[in-house]
Participant: 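Provided herewith is a single structure, encoded as structure tokens, for subsequent inquiry.
Heads up: numbering here begins at 1 and tracks the sequence. Because the structure is predicted, anything quoted here is derived from the model rather than measured.
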Amino acid sequence: LGLLADLPTLTVLNGYIASSSAQGKFEISGRCVEDWEIVVGRSAFTISDLALNMAYLAAPKQATGQISGSLQLADTTVDVAVEMGDALVIAGTIPHISLSRLAANFFDQIGLPADIPDLSLTDTALTITPQTGEFSLAAESANTWRIALGAAGLEMRNLRLTVQQTAEGK
């Protein structure tokens, strides 16, 4: 049940509670009052409008469930879901965001090199594991990136971006 220790203290309003002593099961669901702040690298993010749906089984001792909410990233609100498995994993999709805004939120001390255009990213898949600091991003861009290379240059299309940070920070 170490996962429960990774959660902030949450107050549930308008909740639903069910219990079955015969099955050794306890369930709770409802809306939460508090916001949840998570830190990824040097950046802090707040998940608000939390909704909770959790179950606890006595044998084997197991907690399962999902927390959903909204994460503000730049000027975009991202609907996220937190799954409880081996670790708490926050996942969401950002419909549209620029590369510069994404970089500013995740890599606050690193700007984009001058040679990289400010691409418009779509359907950016985001996962964050708060306990370990791991995160991953995967996005696509319909923009064209022209690079001065030789006489004709190089033109790249159908661009894909993948960024991963492991627990070791690589």
Side-chain angles (χ1 to χ4, degrees), residues 1-99 101-108 120-141 160-170:
L1 293 181
L3 290 178
L4 294 179
D6 295 335
L7 291 172
T9 300
L10 298 172
T11 304
V12 178
L13 290 180
N14 302 325
Y16 168 79
I17 298 174
S19 177
S20 170
S21 56
Q23 294 178 336
K25 187 175 183 179
F26 176 81
E27 295 178 70
I28 185 168
S29 63
R31 307 268 336 147
C32 301
V33 175
E34 298 85 5
D35 291 339
W36 181 10
E37 183 174 285
I38 59 169
V39 176
V40 180
R42 292 177 228 176
S43 301
F45 301 96
T46 300
I47 302 174
S48 55
D49 302 321
L50 294 169
L52 172 74
N53 186 358
M54 298 184 76
Y56 171 75
L57 298 171
K61 288 186 177 181
Q62 181 182 16
T64 61
Q66 182 181 54
I67 300 172
S68 59
S70 299
L71 177 109
Q72 193 66 33
L73 188 63
D75 55 356
T76 304
T77 300
V78 181
D79 292 329
V80 295
V82 181
E83 294 289 338
M84 294 182 67
D86 293 335
L88 293 175
V89 178
I90 301 167
T93 300
I94 306 165
H96 300 283
I97 192 166
S98 69
L99 181 57
R101 290 206 181 249
L102 190 64
N105 277 269
F106 280 95
F107 314 106
D108 60 347
S120 175
L121 304 175
T122 58
D123 298 323
T124 302
L126 167 69
T127 61
I128 301 169
T129 307
Q131 182 182 25
T132 63
E134 294 177 74
F135 72 87
S136 67
L137 297 164
E140 296 183 2
S141 178
R160 293 177 189 222
L161 169 71
T162 303
V163 177
Q164 292 184 315
Q165 175 174 298
T166 62
E168 292 84 34
K170 297 180 181 176

Participant: Taking only residues two or more places apart in sequence or in another chain, which ones pass side-chain contact (heavy atoms from CB on, under 4.5 Å) with L13?
Facilitator: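 Expected list: V33.
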Participant: Side chains of I128 and I38: does their closest heavy-atom pair fall under 4.5 Å?
Facilitator: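 Yes, close enough: below the 4.5 Å cut-off.
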Participant: A side-chain contact here means heavy atoms from C-beta on lying under 4.5 Å apart; do L57 and F26 qualify?
Facilitator: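 No, too far: nothing below the 4.5 Å cut-off.
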Participant: Side chain to side chain contact (heavy atoms under 4.5 Å, CB included) between F135 and V163: does it pass, once the steps are laid out?
Facilitator: CA-CA 8 Å; F135 72 87; V163 177; 4.1 Å; yes
Participant: Mind running side chain to side chain contact (heavy atoms under 4.5 Å, CB included) on I94 and L121 for me, showing each step along the way?
Facilitator: CA-CA 9 Å; I94 306 165; L121 304 175; over 6 Å; no
Participant: Which distance, rounded to the nearest 0.5 Å, do you find between the OG of S68 and the CG of D79?
Facilitator: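 Interatomic distance, S68 OG to D79 CG, rounded to 0.5 Å: 8.5 Å.
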Participant: With no hydrogens and no angle check, is any side-chain donor or acceptor of S141 less than 3.5 Å from a backbone partner on S120?
Facilitator: yes
Participant: Contact between V80 and I47 at the side-chain level, heavy atoms closer than 4.5 Å - yes or no?
Facilitator: yes
Participant: Pairs in or reaching into residues 43-53: which pass salt bridge (charged side-chain N to carboxylate O under 4.0 Å, His left out), with residues at least two apart or in two chains?
Facilitator: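 The answer is none; no pair qualifies.
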Participant: Enumerate the salt bridge (charged side-chain N to carboxylate O under 4.0 Å, His left out) contacts for residues 9-30, please, sequence neighbours excluded, ordered by first and then second residue.
Facilitator: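 Output for this query lists K25-E27.
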Participant: On a heavy-atom basis, which atom in G30 and which in V12 lie closest, and how many Å separate them?
Facilitator: CA-CG1, 3.7 Å
Participant: Between T93 and T124, does the side chain to side chain contact (heavy atoms under 4.5 Å, CB included) criterion hold? Intermediate values first, please.
Facilitator: CA-CA 5 Å; T93 300; T124 302; 5.9 Å; no
Participant: Atom CG of L50 and atom CH2 of W36: how far apart are they, to the nearest 0.5 Å?
Facilitator: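 The CG atom of L50 sits 8.0 Å away from the CH2 atom of W36.
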Participant: Quick one: CD on Q165 to CD on E134, what's the gap to the nearest 0.5 Å?
Facilitator: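 Q165 CD to E134 CD: 8.5 Å, rounded to 0.5 Å.
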Participant: To the nearest 0.5 Å, tell me how far T129 OG1 sits from I90 CD1.
Facilitator: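 It comes to 8.0 Å.
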Participant: Rounded to the nearest 0.5 Å, what separates atom CG in L71 from atom OG1 in T77?
Facilitator: 8.5 Å
Participant: Calculate, to the nearest 0.5 Å, the distance between atoms OG1 and CZ belonging to T11 and R31 respectively.
Facilitator: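 Reported value, rounded in 0.5 Å steps: 14.0 Å.
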Participant: Give the intermediate values and the outcome of side chain to side chain contact (heavy atoms under 4.5 Å, CB included) for residues V82 and V89.
Facilitator: CA-CA 5 Å; V82 181; V89 178; over 6 Å; no
Participant: Answer yes or no: is there a side-chain heavy-atom contact under 4.5 Å between L10 and I67?
Facilitator: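 Yes - at least one pair of side-chain heavy atoms lies under 4.5 Å apart.
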Participant: If you look at every heavy atom in P95 and T76, which pair is closest and at what distance?
Facilitator: CD-CG2, 4.5 Å
